[in-house]
Amino acid sequence: ETGVTQTPRHLVMGMTNKKSLKCEQHLGHNAMYWYKQSAKKPLELMFVYNFKEQTENNSVPSRFSPECPNSSHLFLHLHTLQPEDSALYLCASSQWESGGDNEQFFGPGTRLTVL
Amino acid sequence: RKEVEQDPGPFNVPEGATVAFNCTYSNSASQSFFWYRQDCRKEPKLLMSVYSSGNEDGRFTAQLNRASQYISLLIRDSKLSDSATYLCVLNTGRRALTFGSGTRLQVQP
């Protein structure tokens with residue numbers, strides 16, 4: 001596989017369910033990101049991991065819990081979500097270098113619906 | 001004020017037309033600038049970086065005006081395949097990018 005992959009591509013869950021989104025990058029990058037894209041809104045950054053360490057949490061509610069076991073894998077654990085959390089969740093990776101442009105490569109996203 | 005502002009469109013243009021999008025940003029500390037393209041129900045992909053001196057990639061020309069804090073994208077000889085949402089993106093030095101809401105382009109035959 002090449003690039004950035006995400007599973008599942010679609011997910012429907014109830015408010016009491018617990019589920020996880022998975023992201024894997026095959027680009028040898030050292031940074032990974034979770035973004036949320038709601039209808040007619042810009043992409044919102046959720047979390048940033050650099051060398052497996054979380055470097056940014058953009059005021060995300062605790063019902064979203066990220067996990068980065070190594071530099072190639074990123075998870076987003078979901079529990080007791082709300083209907084307004086329904087959105088497209090995009091994972092991205094980049095090669096972060098100090099002072100350099102960091103083009104980000106995106107996965108295809110997981111379209112989440114919370115009932 | 002939004003960090004990145006774009007006209008949402010849609011811009012409906014005939015094939016072969018020239019179309020231009022502008023984007024303004026509020027953070028003067030912004031360091032890097034990009035245009036990404038996002039097709040319907042797909043992920044964003046980098047179209048081109050934007051440099052102060054202006055840069056061109058085939059039919060696409062990007063310009064940056066730091067003094068006025070705006071970025072532009074010009075598309076010449078529009079193709080049907082150019083139909084997409086164009087995202088203005090910048091890096092303020094954080095380890096992440098800041099995205100605009102996008103401008104939708106529809107090229108018609």
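Letters go in sequence order (proteins before strands), and every chain restarts at 1. As the structure is a prediction and not an experimental result, all values here were calculated from the model.
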Colleague: Go through the atoms of A:Leu43 and report whether side chain, backbone, both or neither lie under 4.5 Å from a heavy atom of chain B.
Modeller: both
Colleague: Using a 4.5 angstrom heavy-atom cutoff, name the option from A:Ala31, A:Gly109, A:Gly107 with the most pairs to chain B.
Modeller: A:Gly107
Colleague: Are more than 12 heavy atoms, taken from residues, nucleotides or ligands other than A:Phe75, located less than 6.0 Å from that residue's CZ atom?
Modeller: yes
Colleague: Where on A:Phe105 is there a heavy atom nearer than 4.5 Å to chain B: the side chain, the backbone, both, or neither?
Modeller: neither
Colleague: In terms of the angle between their ring planes, are B:Phe21 and B:Trp35 parallel, tilted or perpendicular, with boundaries placed at 30° and 60°?
Modeller: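 Judged by the thresholds at 30° and 60°, the geometry between B:Phe21 and B:Trp35 is tilted.
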Colleague: Under a 4.5 Å heavy-atom cut-off, does chain A meet the side chain of B:Gln38, its backbone, both or neither?
Modeller: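 The side chain, not the backbone.
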Colleague: Has B:Arg37 got more than 12 heavy atoms of other residues, nucleotides or ligands less than 6.0 Å from its CZ?
Modeller: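 Buried by this count: over 12 neighbours within 6.0 Å.
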Colleague: Measuring from A:Gln25:CD to A:Ser72:OG, what's the distance to the nearest 0.5 Å?
Modeller: 5.0 Å
Colleague: Considering only heavy atoms, which portion of A:Glu44 lies under 4.5 Å from any heavy atom of chain B: side chain, backbone, both, or neither?
Modeller: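 Looking at A:Glu44, nothing touches chain B.
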Colleague: Between B:Tyr36 and A:Phe106, how do the two ring planes meet: parallel, tilted or perpendicular, split at 30° and 60°?
Modeller: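 The arrangement is perpendicular - the two ring planes meet at more than 60°.
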